[in-house]
Amino acid sequence: MIDIKRIRENPQKFTDGAKAKKFDVDIDRLLAVDAALLDCRKRLQDIATEKNSVGKSIPKLSADEKQAALGRLGELKNAEAQLNEQIKNLQPVFDEIMQQVPQPPAADVPSGEDDTENVELRKWGTIRKFDFEPKDHVELGISLGIIDIERGVKLAGTRNYFLKGAGALLHWAVLRFALDYMIGKGYTPMSVPLLMKDEAMRGTGYYPGAEEQTYRMDRDDLNLAGTAEVPVTAYHCGEILSAEQLPIKSVAMSTCFRREAGAAGKDTRGLYRIHQFDKVEQVIIAENDEEKSKAHHQEILANSEAVMQALGLPYRVVNVCTGDLGRGQVQKYDIEAWMPSRNSYGETHSASRFYDFQARRMNLRYKTAAKKNVFCHTLNNTVIASPRILIPILELNQNADGSVNVPAALAPYMHGREVITER
RNA sequence: GGAGAGGUGACCGAGUGGCUUAAGGUAACGGUUUGCUAAACCGUCGUAGGAGUACAACUUCUACCGGGGGUUCGAAUCCCCCCCUCUCCGCCA
């Protein structure tokens, strides 16, 4: 959510920002409704002032004077009811548009229509050339007996899977490795609830907008979070933190649930696009300071790059263009890992900063040294998401005989297995 | 799921229709006193939105006692609905 005062001061900035991000929002109408609401409130306040003073004088009045006073109060009450009626009609319109106003992108976000226009910032690692015909992760997984998509589909429908034996071990190994890395960096580990109230979905900016992407428990009015970002970022919602507490750096591992509505027929093979996966996510709640926000953004990006490098996975970092940014994001960097079976880089990480967009929605504030209550800044990034990350790990580390070498960094988590072979 | 008890400021806690402009206390901050610390005393000490001003300070108004609605000239207080917490019972990995 944006501060209405900033929209009043510079509406053009928000009209342009929405256009660049390809969101449809009627700023002119918002300002008209805002002006009408302000007027109603001012008049209502004047009425309340008079009502209060007349009401207070009542016990001291003579009978005649009392009748006159009561008559006046009746008039005021009518006027008040009319104004309240107007506010009742205007407020929902105002709220709805406000929820939709996107955060304008940062100055160094490239303009573009969609993900094809994201700008590559850097590449790391060398892409392996095979001297044999490499298999893709599905073939490897089936022949090694570590991925079973057929039975996943049998029991849970399309885009579901089982991981078995060394496959399950490898899945948990990358997660545990990533988690340990972040704990080593001083991030506080959290285990979190995943059935979230609508309020938490709205607070993080997923609602309105991502309802179609979300599994919803209608009987209980709860939503299965698509990422631990939701519970971790909303953890302190409604609270006033002290400045000394900030920044709060957290890391959570959780299962993530996504309906992938509208993606029918897209990325149907293998473990790339699935309904349920596990992810280690980093979140920073920080002071309301643009420079500090940028520095945190670089930090969480660097954390994930370090994990990718430790796993020996070639990747590139892209500066996500305006048309591919979410409503609340000021700027987003994606990390894309090289995936031989796709013969391209595929998104594995997404690092976003929001300024106070999420904090405003969830009323998350802190008290500054000057005793002012100010909205926090929030940021988040993937540390590792599996099994998508197993795609490059399996495909890039395969041998001609169909076995797969386990990256050295994962050795401590693999119960002594250095090579995954057919059993 | 059933029964009961509760929800007041950062915290504790008083408050059964106008004297509440939310008492009193704790914590915090500033000051006085003091060899230091402590204590004592004095003062400050909620959030949000208007108006006065170009901003701030300041002044003033309005709203807010879990949330929503109602009764009343007037509600923390009375009525209705909802939410949450605690205790007991039942069920349960």
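Reminder, nothing fancy here: chain letters follow the sequence lines and each chain counts from 1.
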A:E199, CD atom: more than 12 neighbouring heavy atoms under 6.0 Å: no
Nearest whole Å is fine: how far is [N] [atom2] from [X] [atom1]?
{"X": "A:Q45", "N": "B:A48", "atom1": "CD", "atom2": "P", "result": "16 Å"}
{"X": "A:L83", "N": "B:G50", "atom1": "CG", "atom2": "P", "result": "17 Å"}
{"X": "A:E80", "N": "B:G70", "atom1": "CD", "atom2": "P", "result": "11 Å"}
{"X": "A:K42", "N": "B:A63", "atom1": "NZ", "atom2": "P", "result": "15 Å"}
{"X": "A:L38", "N": "B:G49", "atom1": "CG", "atom2": "C1'", "result": "9 Å"}
{"X": "A:E9", "N": "B:A54", "atom1": "CD", "atom2": "C1'", "result": "13 Å"}
{"X": "A:N78", "N": "B:C73", "atom1": "CG", "atom2": "P", "result": "13 Å"}
{"X": "A:N363", "N": "B:C64", "atom1": "CG", "atom2": "P", "result": "18 Å"}

Can you tell me, in whole Å, how much space there is between the [atom1] of [N] and that of [M]?
{"N": "B:C12", "M": "B:C80", "atom1": "C1'", "result": "31 Å"}
{"N": "B:C45", "M": "B:U59", "atom1": "P", "result": "10 Å"}
{"N": "B:G4", "M": "B:C82", "atom1": "P", "result": "14 Å"}
{"N": "B:A27", "M": "B:C88", "atom1": "P", "result": "33 Å"}
{"N": "B:A22", "M": "B:C65", "atom1": "P", "result": "12 Å"}
{"N": "B:A38", "M": "B:G46", "atom1": "P", "result": "25 Å"}

Opposite nucleotide pairing with [N], Watson-Crick or G-U, both atom distances under 3.5 Å:
{"N": "B:A76", "answer": "none"}
{"N": "B:A54", "answer": "none"}
{"N": "B:A3", "answer": "B:U87"}
{"N": "B:A22", "answer": "none"}
{"N": "B:U37", "answer": "none"}
{"N": "B:G15", "answer": "B:U8"}
{"N": "B:C29", "answer": "B:G43"}
{"N": "B:G49", "answer": "B:C61"}

Could A:R342 and A:Y272 be counted as a cation-pi pair, given that NZ or CZ must be under 6.0 Å from the ring centre and within 45° of the axis? yes
Need one value for A:N373: base, sugar-phosphate or nothing, where a base atom within 4.0 Å counts as base even if backbone is also close, heavy atoms only. sugar-phosphate
For B:U47, take OP1 and OP2 only and decide whether either is under 4.0 Å from a side-chain N or O of A:K367. yes
Considering just the side-chain nitrogens and oxygens of A:R365, establish if one lies under 4.0 Å of OP1 or OP2 belonging to B:G46. no
Of the candidate nucleotides B:G50, B:C61, B:C73, which contains the atom at the shortest distance from the side chain of A:T49? B:C61
Are any side-chain N or O atoms of [X] and backbone N or O atoms of [Y], one a donor and one an acceptor, separated by less than 3.5 Å?
{"X": "A:T49", "Y": "A:Q45", "answer": "yes"}
{"X": "A:Y413", "Y": "A:H171", "answer": "no"}
{"X": "A:R353", "Y": "A:V330", "answer": "no"}
{"X": "A:N380", "Y": "A:E281", "answer": "no"}

Between A:K5 and A:L44, just flag the one whose closest nucleotide in RNA chain B comes earlier from the 5' side. A:K5
Which residue lies toward the 5' end of RNA chain B, A:K372 or A:A48, if each is placed at its nearest nucleotide? A:K372
Passing option when A:I420 is tested against A:N399, A:N405, A:L144, A:N397 for side-chain contact (heavy atoms from CB on, under 4.5 Å): A:L144
